> 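Here you go, one structure.
Since the structure is predicted, the reported quantities are computational estimates derived from the model, not experimental observations. Every heavy atom of this structure was used, including side-chain atoms; hydrogens, water molecules and symmetry mates were not.
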Amino acid sequence: MAWTRHMWPGSLKYRMFVSILLFVLVPFSLFQFRNINQLEVKQKAGIAQQNATQLEFLKDSFESLKLDAFAAMLQLEREPDLQNRLIDPGMYPEEERVLFLRNKLLTVKNALMSGTVPLQITMIDLHGNIYTTMAEDLEQQNIASSEILDEPEFRRFDQTDEIYFWSIHDPKDMLAKEFPHARLYSFFAKLESVDKTTFGYLRVSLDISAWLSSITNGFQVKQSYSIMDGNGEPVLQTDDSWGQSGIEEMLPRFRQDPKFYFTDSRNHSLYNSIYLPNSDWYLINRFPLEALSGNIRDMKQQLVFSFSVTVCIFIGITFAIAYAISRPLRSLELRMRELVERNLEVHLPEDRYKGESRMLARAFNRMTDDIRKLIARLKAEERQKEAIRFQMLMSQMNPHFLLNTLNTIKWNARNHGDTGTSEICQNLGKLLECSLNTDVDLVHLREEIGLVQAYVHIQSFRYDHSFEVRYEVEEALDYALVPKLSLQPLVENSIHHGLVHMNRGGTIIVRAFRLDGKLRLEIVDNGQGPDAEAAGLSRKRKGIGLSNLRERLQLLYKGDARLHLQPLEQGTLVQLDIPLLISSPYGKEQQHVENPSG
């Protein structure tokens with residue numbers, strides 16, 4: 001396009017720089033950035049897979065904790081000694097009863113605790129006694145069982161038929177001091193005998209945030225977690241930044257595709273989720289991409305820095321190479337400008353150049369030498385042409401003088417009644433007029449036949465009409481183009497070298513016909529043949545006329561014409577093959593040369 005040609009630099013060194021920049025450095029940089037982006041995507045996918053595995057582990061731990069709590073409840077409920085002491089506490093000494101039940105709860109607590117996770121168990125009988133795993137000072141708080149049983153979670157037993165459930169709540173009553181600023185996940189259960197009679201209540205309270213932290217402490221990268229219920233409401237969030245995460249919008253996608261993960265450009269985090277079906281919760285973790293993006297950012301910065309350094313080095317090297325290439329070209333340009341001013345007397349010192357530049361300088365020197373030789377030869381040829389032209393002009397004067405003299409002789413002979421001499425002069429005049437017309441190389445065949453007839457008329461007087469000439473020419477070939485004076489030298493050879501030794505009966509046949517798309521001209525005589533030539537008779541057919549004709553055929557047809565001499569048993573056959581060209585005469589329907597065979 002035109003605008004691209006205007007935008008493309010004109011200088012060689014700038015073209016080299018722009019070409020390598022566009023076709024090498026820029027594609028290489030784009031390829032590297034693409035690789036880094038793909039690496040980033042793969043790393044995110046790998047991190048998402050790792051987070052999914054961790055969430056699966058958390059899910060298993062959470063479900064295991066709930067099963068252990070339910071199993072502990074069943075164990076306590078089926079313990080006969082514990083059941084008797086809760087149903088009829090007055091039958092046992094108080095100190096012994098409290099110690100026994102406390103030890104039972106501590107045993108369950110130790111079985112449920114994992115590491116240092118805070119966990120407290122509270123058990124209440126129907127007689128208003130409270131048993132707990134808390135420290136002694138907490139047990140002395142002035143808290144009645146009615147206050148605990150009046151909490152919404154315990155009143156839920158009166159409102160529903162549930163005998164156990166899990167609930168998330170804030171710490172109250174005696175738990176408020178044990179779990180300050182915590183979020184509790186508690187297991188509430190009614191303790192029933194075999195006959196479905198309620199004899200107590202059980203509460204196992206767990207600081208879910210502390211539990212989550214203790215489980216995830218072993219993870220290599222610090223992450224934050226959020227628990228949301230099925231309606232998208234937050235149950236637990238390990239830090240305050242979750243409020244602006246927009247995770248609620250992703251919950252429908254998490255429900256459809258458990259392996260789905262997404263990144264949030266606002267806080268540069270990656271999110272994974274897992275569904276907890278028993279609780280209808282979604283456990284979501286947020287992975288900070290600072291470490292990953294920091295590495296990627298460093299890689300991109302290193303790439304940009306490397307690219308910048310490479311471009312700078314490339315610019316220097318490119319201009320150095322371009323200067324090394326363009327300097328001899330510039331020198332050659334200056335020398336070429338001096339060619340005309342110094343008459344081609346310009347020579348490049350080859351020892352100053354190397355490699356291709358030296359070859360270029362050597363070629364330039366050869367070119368100037370060849371040009372000088374060519375100019376000298378052209379000048380010599382021009383001088384030779386001028387001399388030839390002068391000689392030709394001088395030679396034209398004699399035929400003109402002879403033609404005028406012939407006309408005088410012709411009229412003088414006619415006035416004295418010498419018809420033969422007059423006709424000889426008239427036919428000789430035709431030949432002289434044809435030789436004087438140097439502007440025409442091709443003539444009609446009928447005109448060439450006329451010249452042959454004029455020449456034969458003259459020769460028949462010389463040889464006392466001892467031979468005859470017959471013409472066998474197709475009428476359609478009258479206006480075929482043939483070289484001027486092409487038949488005359490062939491007829492001349494037949495007369496002078498074939499018939500001069502015969503007294504009478506000599507015959508020459510001139511034929512013209514089509515053959516394979518060409519024009520065939522034949523001259524046949526019955527003069528001396530190969531036998532007479534072998535007997536020592538002088539018959540030299542290759543004279544000036546034939547050599548002149550061969551050279552003219554080569555110049556006119558460039559190898560597309562053929563002249564062949566064939567000895568016969570009696571006489572000689574001359575064959576001339578030339579391209580068949582028909583030219584309509586003036587006044588006919590066509591005015592141009594054509595090849596009818598085409």
Side-chain angles (χ1 to χ4, degrees), residues 399 402-403 406 410 420 422-438 440-500 502 505-515 518-527 541-553 556 561-566 568 571-578 580-583 585:
L402 292 175
L403 183 59
L406 282 174
K410 179 185 70 174
S422 175
E423 292 178 354
I424 292 174
C425 292
Q426 183 177 356
N427 287 289
L428 182 58
K430 290 182 180 180
L431 294 175
L432 288 175
E433 283 182 334
C434 181
S435 64
L436 287 174
N437 187 7
T438 60
V440 178
D441 294 323
L442 299 175
V443 297
H444 293 145
L445 178 59
R446 60 183 297 176
E447 296 178 12
E448 182 67 15
I449 294 295
L451 294 176
V452 172
Q453 291 173 345
Y455 174 75
V456 169
H457 185 81
I458 296 173
Q459 295 298 324
S460 64
F461 274 94
R462 177 182 177 185
Y463 295 106
D464 194 18
H465 304 285
S466 61
F467 62 90
E468 65 172 337
V469 179
R470 296 202 304 268
Y471 302 93
E472 300 176 0
V473 180
E474 296 181 9
E475 184 178 355
L477 299 178
D478 286 346
Y479 294 100
L481 295 177
V482 298
K484 182 179 62 176
L485 295 176
S486 58
L487 295 179
Q488 184 270 333
L490 300 179
V491 173
E492 179 184 0
N493 274 278
S494 295
I495 295 174
H496 288 284
H497 302 293
L499 302 178
V500 294
M502 299 177 63
T507 301
I508 299 175
I509 302 175
V510 179
R511 297 192 185 100
F513 54 92
R514 302 169 187 258
L515 181 63
K518 289 182 175 292
L519 176 61
R520 166 67 66 84
L521 301 175
E522 291 185 351
I523 309 296
V524 184
D525 66 71
N526 60 349
R541 292 192 176 272
K542 294 184 180 180
I544 296 176
L546 290 181
S547 62
N548 180 279
L549 178 58
R550 290 182 188 275
E551 186 173 355
R552 285 192 292 129
L553 292 175
L556 285 173
R562 185 179 73 92
L563 178 62
H564 177 65
L565 278 70
Q566 179 181 351
L568 303 176
T572 303
L573 170 63
V574 181
Q575 294 176 334
L576 175 60
D577 293 329
I578 61 175
L580 178 57
L581 303 173
I582 304 295
S583 174

> Kindly write out the residues that satisfy side chain to side chain contact (heavy atoms under 4.5 Å, CB included) with Pro483, not counting sequence neighbours, or none if the list is empty.
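With sequence neighbours excluded, Pro483 shows a side chain to side chain contact (heavy atoms under 4.5 Å, CB included) to Leu442, Ser486, Arg552, Leu553, Leu556, Tyr557, Ile578, given in chain and number order.
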> Would you say the side chain of Glu475 lies within less than 4.5 Å of the side chain of Arg446, judging by non-hydrogen atoms?
no
> Set out, in order, the CA-CA distance, both residues' side-chain angles and the distance that settles side-chain contact (heavy atoms from CB on, under 4.5 Å) for Leu565 and Leu546, then state yes or no.
CA-CA 10 Å; Leu565 278 70; Leu546 290 181; 3.9 Å; yes
> Which residues pass the side chain to side chain contact (heavy atoms under 4.5 Å, CB included) test with Glu447, not counting sequence neighbours?
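Counting only residues at least two positions away or on another chain, Glu447 forms a side chain to side chain contact (heavy atoms under 4.5 Å, CB included) with Val443, His444.
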> For Glu492, which residues count as a side chain to side chain contact (heavy atoms under 4.5 Å, CB included) partner, sequence neighbours excluded?
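Here the qualifying residues are Tyr455, Gln488, His496.
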> To the nearest 0.5 angstrom, please state how far the CD atom of Glu468 sits from the CD1 atom of Ile509.
8.5 Å
> Distance check, rounded to the nearest 0.5 Å: Ile508 atom CD1 versus Ser494 atom OG?
5.0 Å
> Output, in order, the C-alpha distance, side-chain angles, deciding distance and verdict of side-chain contact (heavy atoms from CB on, under 4.5 Å) for Leu521 and Leu445.
CA-CA 10 Å; Leu521 301 175; Leu445 178 59; 4.1 Å; yes
> Run the side-chain contact (heavy atoms from CB on, under 4.5 Å) test on Glu474 and Arg511 for me, step by step, so that the C-alpha distance in whole Å, both residues' side-chain angles and the decisive distance to 0.1 Å come before the verdict.
CA-CA 8 Å; Glu474 296 181 9; Arg511 297 192 185 100; over 6 Å; no
> Can you measure from CG (Leu573) to CG (Leu568) and round to the nearest 0.5 angstrom?
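These two atoms lie 5.5 Å from each other.
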> With a cut-off of 6.0 Å (strictly less than), are more than 12 heavy atoms of other residues, nucleotides or ligands near CD of Glu551?
no
> Pick from Leu519, Leu481, Leu515: which one makes a side chain to side chain contact (heavy atoms under 4.5 Å, CB included) with Leu580?
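Checked Leu519, Leu481, Leu515 against Leu580; only one passes side chain to side chain contact (heavy atoms under 4.5 Å, CB included): Leu519.
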> Quick check on side chain to side chain contact (heavy atoms under 4.5 Å, CB included): which of Asp525, Val574, Ile495 does Leu490 satisfy it with?
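It is Val574; the other options fail the test.
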> Distance-only, no hydrogens or angles: does the Glu448 side chain make a donor-acceptor pair with backbone N or O of Leu485 under 3.5 Å?
yes
> Does Val456 reach the side chain of Gln459, with side-chain heavy atoms less than 4.5 Å apart?
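No, too far: nothing below the 4.5 Å cut-off.
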